[in-house]
There are 2 protein chains.
Amino acid sequence: MLAAVFQVRDGRLHSLLWRRAREPFGGFWALPGGPLSDVERLGSSLGRHLASKVDLTDVAYLEQLETRSDVERDPRERTIATAYIALVSTDLNPSVPSDTAWFAVDELPPTAFDHASIIRSGRERLRAKLTYTNVGYALVPGVFSIAELRTVYEACLGHAITSTNLQRVLLRREIIEPTNAVLSPSSSGGRPAALYRFTDRTLLVTDPFAMFRPPNRTAKMTKISP
Amino acid sequence: MLAAVFQVRDGRLHSLLWRRAREPFGGFWALPGGPLSDVERLGSSLGRHLASKVDLTDVAYLEQLETRSDVERDPRERTIATAYIALVSTDLNPSVPSDTAWFAVDELPPTAFDHASIIRSGRERLRAKLTYTNVGYALVPGVFSIAELRTVYEACLGHAITSTNLQRVLLRREIIEPTNAVLSPSSSGGRPAALYRFTDRTLLVTDPFAMFRPPNRTAKMTKISP
DNA sequence: GAGGTTTTCGCCTATTAGGCGAAAACCTCT
DNA sequence: AGAGGTTTTCGCCTAATAGGCGAAAACCTC
């Protein structure tokens with residue numbers, strides 16, 4: 001039971017890690033998580049371990065990533081770990097235990113087991129889902145400017161995008177919608193930014209390709225079954 | 001350790017099931033699989049169980065799907081099952097044990113545990129991957145006509161598609177390429193079909209959306225890290 | 001009010017998907 | 001051999017979506 005907890009901080013994608021006290025990998029940094037008890041279901045076990053590192057109400061999205069047999073541990077003992085992805089909005093700053101800290105995903109410290117690899121895998125999943133779903137809602141506050149949204153998308157995707165195009169595409173897909181509020185123009189000078197919100201804060205996917213769609217249908221979002 | 005083994009037979013998507021002898025769910029149909037032994041890795045355990053139902057050399061593609069805590073079993077005992085997807089080409093007819101049979105995925109018999117739900121989930125995954133990867137290679141023989149490919153895609157996607165469009169899109173993406181052979185025109189009368197092959201028989205993904213791509217890049221297939 | 005900054009909008013182009021009908025290349029039957 | 005039927009393939013057009021770029025809008029400070 002492991003979770004890669006992602007949050008965009010200062011324009012870069014970060015992941016939450018805690019420093020292991022005990023062997024194996026004492027002193028290395030590991031993903032939040034822990035063993036599954038004998039009578040527990042997957043979800044409740046993850047929640048229990050996650051809650052010991054970060055406030056669960058700060059986690060806006062949770063998704064199962066993959067299950068691995070841990071290879072670097074004691075070879076006599078087989079260990080299975082199921083990894084999840086958890087997303088935290090930029091406007092939160094959860095208080096975390098003293099042995100726990102945020103690290104930028106492209107400057108990870110030495111990690112225990114294959115946890116660095118799990119983070120890479122989770123990041124790829126996040127990157128893909130940002131482009132064909134509305135998961136973005138879990139990474140930004142309820143209302144936000146296009147500029148804010150852009151830095152979040154850029155941090156996750158790892159390359160520059162234009163706010164013009166981001167706004168157009170997301171509006172056309174009806175993933176975001178304008179509010180009539182604007183950002184109080186107190187800050188840095190410049191035209192006050194309009195504020196937007198996500199149309200729906202549950203996971204929706206756009207049909208990934210128009211290709212092979214049944215005839216007479218135009219691309220729309222569809223609800224995903226959990 | 002479970003596997004949803006998919007094959008297109010007679011133009012319909014089928015899944016391999018075996019009839020459970022013992023309780024719980026005695027007499028119900030279940031996915032191939034079995035318990036993980038104490039010292040085993042995930043992959044080898046799956047291979048071992050799968051081999052007892054179908055020749056492993058017939059499985060052209062294998063991918064992890066999801067892990068669930070089995071809810072319908074004895075509640076005192078926690079059971080974790082990791083499900084995989086396995087794909088078999090249409091030109092094969094593996095011999096299977098007498099307690100094992102193929103069922104069309106939309107006419108499943110009463111299944112043990114949540115196995116019907118796993119098949120649905122696997123089918124969704126297959127459907128999605130057909131549209132943005134080249135997994136199709138695992139479902140058809142080495143060379144094939146566009147008409148053959150079309151029936152396979154239609155069976156998996158669950159709706160009609162035109163061979164014209166299928167051919168164009170797959171050629172443009174360089175997922176398939178023409179061979180200079182044509183189908184021996186022995187069969188039903190009509191122009192002999194040209195034979196095609198998949199350009200690459202390892203998993204490649206097309207960038208799911210042009211959207212948010214870094215500038216100056218045109219959509220290309222990229223290798224997926226396993 | 002001038003000059004600077006940031007956001008927003010409009011117009012154009014590029015790329016990819018989809019429809020449809022004509023032509024090509026085979027068959028069988030007379 | 002030719003007529004008629006069948007299936008595949010190709011060309012041409014339209015539709016939908018993504019991307020670039022510059023002008024205009026709406027604020028700031030000086």
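The chains referred to below are lettered A, B, ... by the order of the sequence lines, with proteins before strands, and numbering in each begins at 1.
Annotation: salt bridge (charged side-chain N to carboxylate O under 4.0 Å, His left out) contacts involving residues 82-92 of chain B, sequence neighbours excluded, are absent.
Between the CG atom of A/Leu149 and the CG atom of A/Leu195 there is a distance of 12.0 Å, given to the nearest 0.5 Å.
The separation between B/Glu148 atom CD and D/dT7 atom P is 15 Å, rounded to whole Å. Between the CG atom of B/Asn165 and the P atom of D/dA15 there is a distance of 16 Å, given to the nearest Å. At whole-Å resolution of the value, CG in B/Leu166 and P in C/dA17 are 12 Å apart. Atom CG in B/Leu157 sits about 15 Å away from atom C1' in C/dA17, given to the nearest Å. As rounded to whole Å, 13 Å separates atom P of D/dT8 from atom CD1 of B/Ile161. Put simply, CZ on A/Arg172 is 16 Å from P on D/dA15, counting in whole angstrom units.
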Name the pairs: protein N/O against N/O of nucleotides 8-10 of chain C, kept only if under 3.5 Å.
| from | atom 1 | to | atom 2 | distance (Å) |
| --- | --- | --- | --- | --- |
| C/dT8 | OP1 | A/Ala194 | N | 2.4 |

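Looking at every heavy atom in both residues, A/Leu31 comes nearest to A/Trp18 through O-NE1, 2.9 Å.
Looking at the side chain of A/Thr162, the nearest of the listed nucleotides D/dT17, C/dA17, D/dG20 is D/dG20.
Partners of A/Thr199 by side chain to side chain contact (heavy atoms under 4.5 Å, CB included), not counting sequence neighbours, listed by chain and number: A/Glu177. Legend: residues meeting salt bridge (Lys or Arg N to Asp or Glu O under 4.0 Å) with B/Arg168, ordered by chain and number and at least two apart, are absent.
In DNA chain C, the stems built from three or more successive Watson-Crick or G-U pairs (distances below 3.5 Å) are C:1-30 with D:1-30.
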Starting from the C-alpha separation in whole Å, work towards a yes-or-no answer on salt bridge (charged side-chain N to carboxylate O under 4.0 Å, His left out) for B/Lys129 and B/Glu63. CA-CA 11 Å; B/Lys129 286 231 162 175; B/Glu63 173 186 319; 3.0 Å; yes
Name every donor-acceptor pair, under 3.5 Å, that has one atom in a side chain of residues 94-108 of chain A and the other anywhere in the protein, sequence neighbours excluded.
| from | atom 1 | to | atom 2 | distance (Å) |
| --- | --- | --- | --- | --- |
| A/Asp106 | OD1 | A/Arg12 | NH2 | 2.9 |
| A/Glu107 | OE2 | A/Arg12 | NH2 | 3.0 |

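When only modelled atom types and interatomic distance are considered, A/Asn93 and A/Arg9 share a side-chain donor-acceptor pair under 3.5 Å.
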